[in-house]
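Every chain is numbered from 1, with letters handed out A, B, ... down the list of sequences.
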2 protein chains.
Amino acid sequence: MDWKGRVSPKTISRLSLYRRLLTDYAANEHAERIYSHGLARLAGVSAAQVRRDIMSVGYSGTPNTGYEIRALVDHISAHIDAPEGQQVALVGVGNLGRAILSYFSGGRRAQLKVVAGFDTAPEKTGRVLLGCRCYPMDQLAEVARRERITIGIIAVPASVAQETADRLVGAGVVGLLNFAPVPIKVPLNVFVENVDITIKLETVAFFALRSR
Amino acid sequence: MDWKGRVSPKTISRLSLYRRLLTDYAANEHAERIYSHGLARLAGVSAAQVRRDIMSVGYSGTPNTGYEIRALVDHISAHIDAPEGQQVALVGVGNLGRAILSYFSGGRRAQLKVVAGFDTAPEKTGRVLLGCRCYPMDQLAEVARRERITIGIIAVPASVAQETADRLVGAGVVGLLNFAPVPIKVPLNVFVENVDITIKLETVAFFALRSR
DNA sequence: CCCTGTGAAACAGTTCACAGCG
DNA sequence: CGCTGTGAACTGTTTCACAGGG
């Protein structure tokens with residue numbers, strides 16, 4: 001696949017957002033086309049930003065007519081999805097883990113499937129929760145290999161987050177989404193995204209204070 | 001303390017992280033001082049970055065000796081906390097809402113307190129959950145005013161996220177942390193941070209695929 | 001016209017590199 | 001020396017502004 005130059009995480013995130021907004025928009029408004037400024041309004045970004053992002057997936061609209069939604073969505077998908085799909089493991093099936101599962105059990109995207117949950121608490125394992133089978137921690141390596149899992153979601157307490165990351169990486173995972181409030185260290189060939197909710201809230205609080 | 005030249009959200013987020021890391025580090029390692037490269041290693045950023053960030057709170061370390069942890073933490077707190085604290089409302093007491101509550105019920109920071117939860121489901125209201133009293137939605141305005149709530153956390157389904165945001169803003173909230181997978185629109189004097197978990201996961205999946 | 005595509009400018013954030021000091 | 005503080009350089013991202021087209 002030839003894709004021109006590097007695409008930044010920010011662009012990828014926006015493309016993912018555009019795809020979802022466009023899918024909803026096409027379904028709800030029965031529209032087939034959209035302008036850059038229309039999509040911009042939906043996404044809360046500038047029209048120029050939308051055009052740049054769309055450039056990066058190699059799709060072209062037509063002047064005065066805008067973008068063909070279906071075609072645009074297909075181009076975005078071709079650029080950001082793995083052709084064969086990707087399997088995801090969720091470690092930590094507490095409140096947060098279950099909340100995450102419910103986001104994905106809707107079955108919107110078959111692209112990314114949470115195929116296994118793991119937890120140390122015996123009462124949470126051996127069950128199927130929101131369509132996701134849950135296993136005890138010590139089966140992680142085995143299940144990860146069997147299910148071809150490449151992505152891990154860390155939803156465990158901070159005290160065991162690094163250890164969890166290490167085990168996931170050891171089991172062949174190359175992408176991690178970490179919700180534990182501690183930065184985790186991984187080899188450079190593994191991509192990590194830290195989502196630290198308390199930091200987010202403190203940041204909101206800071207700017208809220210100054211926006212009055 | 002008129003250092004309030006523009007500080008970026010990214011810097012604020014890192015400062016919040018530094019503060020937590022330093023607090024833990026001082027407690028666990030019984031250390032009183034730290035070098036920029038030491039803090040950098042803990043936070044997973046560069047030493048130059050740490051020094052820049054610390055500059056922005058107006059604290060100075062000493063050459064060869066590094067930073068005095070206690071003093072540094074105090075400077076960070078003085079810079080990012082509201083002197084009188086801030087009250088937070090959580091709307092949506094489902095799995096995600098409860099997960100968020102458990103992050104803050106630890107009582108680490110008395111600075112930011114989730115003082116009220118709101119939900120439409122009657123069985124979730126009228127109770128105290130993880131130290132947070134839960135009310136029915138129609139008491140939002142009243143409670144928000146009484147408790148001097150300035151920050152709102154949106155943990156409701158996408159379909160009612162915008163409506164929820166509007167009600168919070170109407171009740172005087174000036175900062176929003178939105179977990180619903182839809183961008184919300186607010187007046188410019190309100191600060192919003194969108195945390196879209198499905199987008200995060202798709203972004204991780206994209207880069208995992210390409211990480212050599 | 002009113003769109004899109006895009007070079008160029010502007011802006012933001014990060015790192016470099018070194019002076020200065022204990 | 002080995003550290004911090006910081007101007008300057010650099011890198012990445014967003015916006016501007018306008019050519020080109022149906």
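- In this view, A/Y25 satisfies the side-chain hydrogen bond (donor to acceptor under 3.5 Å, both in side chains) rule with no residue, not counting sequence neighbours.
- As rounded to whole Å, 15 Å separates atom P of C/dA12 from atom CZ of B/R14.
- Residue B/S46 has no polar side-chain atom (N or O) positioned under 4.0 Å from OP1 or OP2 of C/dT14.
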Acceptor/donor pairs from residues 161-176 of chain A side chains to any protein atom, 3.5 angstrom cut, sequence neighbours excluded:
residue : atom : partner : partner atom : Å
A/Q162  : OE1  : A/K185  : N            : 2.8
A/Q162  : NE2  : A/D166  : OD1          : 2.8
A/Q162  : NE2  : A/K185  : O            : 2.9
A/T164  : OG1  : A/V160  : O            : 2.6
A/R167  : NH2  : A/M137  : O            : 3.2

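- For A/A116, the side-chain contact (heavy atoms from CB on, under 4.5 Å) partners two or more places apart in sequence, or in a different chain, are A/F118, A/Y135, A/V143, A/I149.
- Residue A/S8 is in sugar-phosphate contact alone, with no base atom involved, counting any heavy-atom pair closer than 4.0 Å across all strands shown.
- The distance from atom CG of A/L39 to atom C1' of C/dC3 is 15 Å, rounded to the nearest whole Å.
- By the ring-ring contact (aromatic ring centres under 6.0 Å, His included) test, A/Y35 is found to be paired with A/H37, residues two or more places apart in sequence or in another chain being considered.
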### Task
Treat primed atoms plus P, OP1 and OP2 as sugar-phosphate and everything else as base, then score nucleotides 1-9 of chain D 5' to 3': B for base contact with protein heavy atoms under 4.0 Å, S for sugar-phosphate contact only, - for none.
-BBBBBBB-
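- Between B/F207 and A/F191, the ring-plane angle classifies as parallel under the 30° and 60° cut-offs.
- Here A/R33 lies out of heavy-atom contact (under 4.0 Å) with every strand.
- Looking at residues two or more places apart in sequence or on another chain, you find a side-chain contact (heavy atoms from CB on, under 4.5 Å) between A/R148 and A/Q87.
- Residue B/Q49 places none of its side-chain N or O atoms closer than 4.0 Å to OP1 or OP2 of C/dG13.
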